[in-house]
Amino acid sequence: DMLARNEAGITPLQTTLDAIAGIKDLNDLQTVLFTIPAASSPFFSLGVDADYNDSSMNAPYLVQNGLGLPDRDYYLDQDAKSKEVREKYVEHTAKMLQLLGDDEATAKASAEKILAMETQLAEPRFTKVERRDDRKSNNPRSIVQIQEMIPSLNIKKMIKDLGIEKPIDTIIVTEPKCF
C-alpha cells in the first residue's frame with residue numbers, strides 16, 4: 001500500500017529515531033541496539049542456529065553486521081566498477097538522509113562518513129573464499145572470552161536486553177577478527 005506508506009512518511013520510525021537521538025553514552029547505545037526491534041543491530045547480532053559441532057542442538061552465534069553493500073569486496077576492490085558502486089552508494093545514502101530531514105551538504109558529508117565507517121568494518125571480514133569454509137566460522141567462546149574480546153560491550157547486559165533468560169556459557173563467534 002504505497003499511498004498509505006507515503007502518507008505515513010517516517011512516522012512509523014519516529015520512536016526508533018527518538019531513541020537513537022537520545023543516546024548519550026555507550027550504555028544508552030547498547031540499550032537501543034538490543035531493545036528496539038526497528039533499530040536492528042548495525043554492528044553485530046546474536047542469533048541461534050544449528051550447532052556446528054552437534055547439528056541436533058541449537059547454539060547461539062555472534063555474527064557481524066554493519067555493511068550496506070553485499071560484502072567486503074565492494075568496499076575494498078579498486079577496479080572501476082567497484083568505485084562506481086561506492087559512488088552510487090554514497091549518492092543513495094545521501095538521498096535517504098535527505099528524506100529524513102538533512103540538507104544536501106550535511107547528507108553528503110554523512111554519507112561519506114558512513115561509507116568510511118563501513119569500509120573499516122569490511123576490512124577484517126572473511127573473503128568470499130574464507131566464508132565458504134564453515135570451519136573458519138566455528139569459534140566457540142565463553143562469555144568471559146567474549147567480554148575480553150569486546151571490552152566496550154557489556155555482554156551480560158546484551159543477553160539480558162535481548163530477553164534471553166536461559167543461562168548462556170558459550171557463544172560461537174563467526175568472525176573473531178571483526179570483534
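- Counting heavy atoms from C-beta outward, L46 and I164 have side chains that approach closer than 4.5 Å.
- Taking all atoms of both residues into account, the shortest heavy-atom contact from T127 to R72 is CG2-NH1, 3.6 Å.
- F43 and V63 are members of different hydrophobic clusters when ILVMFWY side chains are connected at heavy-atom separations under 4.5 Å.
- Between A94 and A111, the closest heavy-atom pair is N-CB, 3.7 Å.
- Residues that satisfy the side-chain contact (heavy atoms from CB on, under 4.5 Å) test with S55, not counting sequence neighbours, are absent from this structure.
- In plain terms, the two heavy atoms of A8 and P12 that are nearest each other are O-CD, 3.8 Å.
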Less than 3.5 Å apart, which donor and acceptor atoms pair up between the side chains of residues 166-179 and the rest of the protein, not counting sequence neighbours?
{"residue": "T174", "atom": "OG1", "partner": "L62", "partner atom": "O", "Å": "3.2"}
{"residue": "T174", "atom": "OG1", "partner": "Q64", "partner atom": "OE1", "Å": "3.0"}
{"residue": "E175", "atom": "OE1", "partner": "F126", "partner atom": "N", "Å": "2.7"}
{"residue": "E175", "atom": "OE2", "partner": "Q64", "partner atom": "NE2", "Å": "2.8"}

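- Residues satisfying the side-chain contact (heavy atoms from CB on, under 4.5 Å) test with K83, not counting sequence neighbours, are Q78, R86.
- Every side-chain contact (heavy atoms from CB on, under 4.5 Å) that K128 has, sequence neighbours left out, goes to D71, D73, R131, R132.
- Residues L69 and Y89 meet the side-chain proximity criterion, which asks for heavy atoms closer than 4.5 Å.
- The minimum heavy-atom distance linking A107 with L97 is given by the pair O-CD1, 3.6 Å.
- The backbone N or O of D79 lies less than 3.5 Å from no partner atom in the side chain of D77, so there is not a single donor-acceptor pair.
- A donor-acceptor distance shorter than 3.5 angstrom exists from the side chain of Q147 to the backbone of I155, with no hydrogens or angles considered.
- Side chains of N53 and P140 form a contact here, defined as non-hydrogen atoms less than 4.5 Å apart.
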### Task
Test T11 against L13 for side-chain contact (heavy atoms from CB on, under 4.5 Å), laying out the working first.
CA-CA 5 Å; T11 303; L13 294 174; over 6 Å; no
### Task
Under the side-chain contact (heavy atoms from CB on, under 4.5 Å) rule, what do S110 and K113 come out as? Steps first, then yes or no, please.
CA-CA 5 Å; S110 294; K113 287 179 185 176; 5.5 Å; no
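- Between atom CD of residue E84 and atom CD of residue E87 there is a gap of 7.0 Å, rounded to the nearest 0.5 Å.
- In this structure, CD in Q14 is found 5.0 Å from CD1 in I10, a value given to the nearest 0.5 Å.
- In this structure, the separation between OG on S152 and CG on N27 is 12.0 Å, given to the nearest 0.5 Å.
- Listed by first then second residue, pairs satisfying salt bridge (Lys or Arg N to Asp or Glu O under 4.0 Å) with a partner in residues 134-146 read D133-R135, not counting sequence neighbours.
- Here the straight-line distance linking atom CD1 of I36 with atom OG1 of T16 works out to 5.5 Å at 0.5 Å rounding.
- T35 and D161 form no side-chain donor-acceptor contact under 3.5 Å, judged by distance and modelled atom types alone.
- Applying the ring pair (Phe, Tyr, Trp, His ring centres under 6.0 Å) definition to pairs two or more places apart or across chains, those involving residues 49-87 are Y52-Y61.
- Q145 places a side-chain N or O within 3.5 Å of a backbone atom of S142 that can act as its donor or acceptor partner.
- Considering only residues two or more places apart in sequence or on other chains, V48 meets the side-chain contact (heavy atoms from CB on, under 4.5 Å) condition with N58.
- In terms of hydrophobic clustering, with Ile, Leu, Val, Met, Phe, Trp and Tyr side chains grouped at heavy-atom distances under 4.5 Å, V90 and L67 are assigned to a common cluster.
- For the pair D51 and A59, the tightest heavy-atom approach, listed with the atom from each and the gap, is OD2-CB, 3.7 Å.
- Hydrophobic cluster membership for M96: L99 (Ile, Leu, Val, Met, Phe, Trp, Tyr linked by side-chain heavy atoms under 4.5 Å, directly or transitively).
- Listed by chain and residue number, nothing satisfies the side-chain hydrogen bond (donor to acceptor under 3.5 Å, both in side chains) test with T93 (two or more places apart in sequence, or in another chain).
- Applying the side-chain hydrogen bond (donor to acceptor under 3.5 Å, both in side chains) test to residues at least two apart or on different chains, the pairs with a partner in residues 99-108 are D103-T106, K108-E112.
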### Message
Between L26 and N154, does the side-chain contact (heavy atoms from CB on, under 4.5 Å) criterion hold? Intermediate values first, please.
### Response
CA-CA 10 Å; L26 194 56; N154 181 337; over 6 Å; no
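- Residue I159 holds its CD1 atom at 4.0 Å from CD1 of I143, rounded to the nearest 0.5 Å.
- Under the side-chain hydrogen bond (donor to acceptor under 3.5 Å, both in side chains) criterion, T31 pairs with K157, sequence neighbours left out.
- The hydrophobic cluster analysis finds M57 isolated: no Ile, Leu, Val, Met, Phe, Trp or Tyr side chain comes under 4.5 Å of it, directly or through other members.
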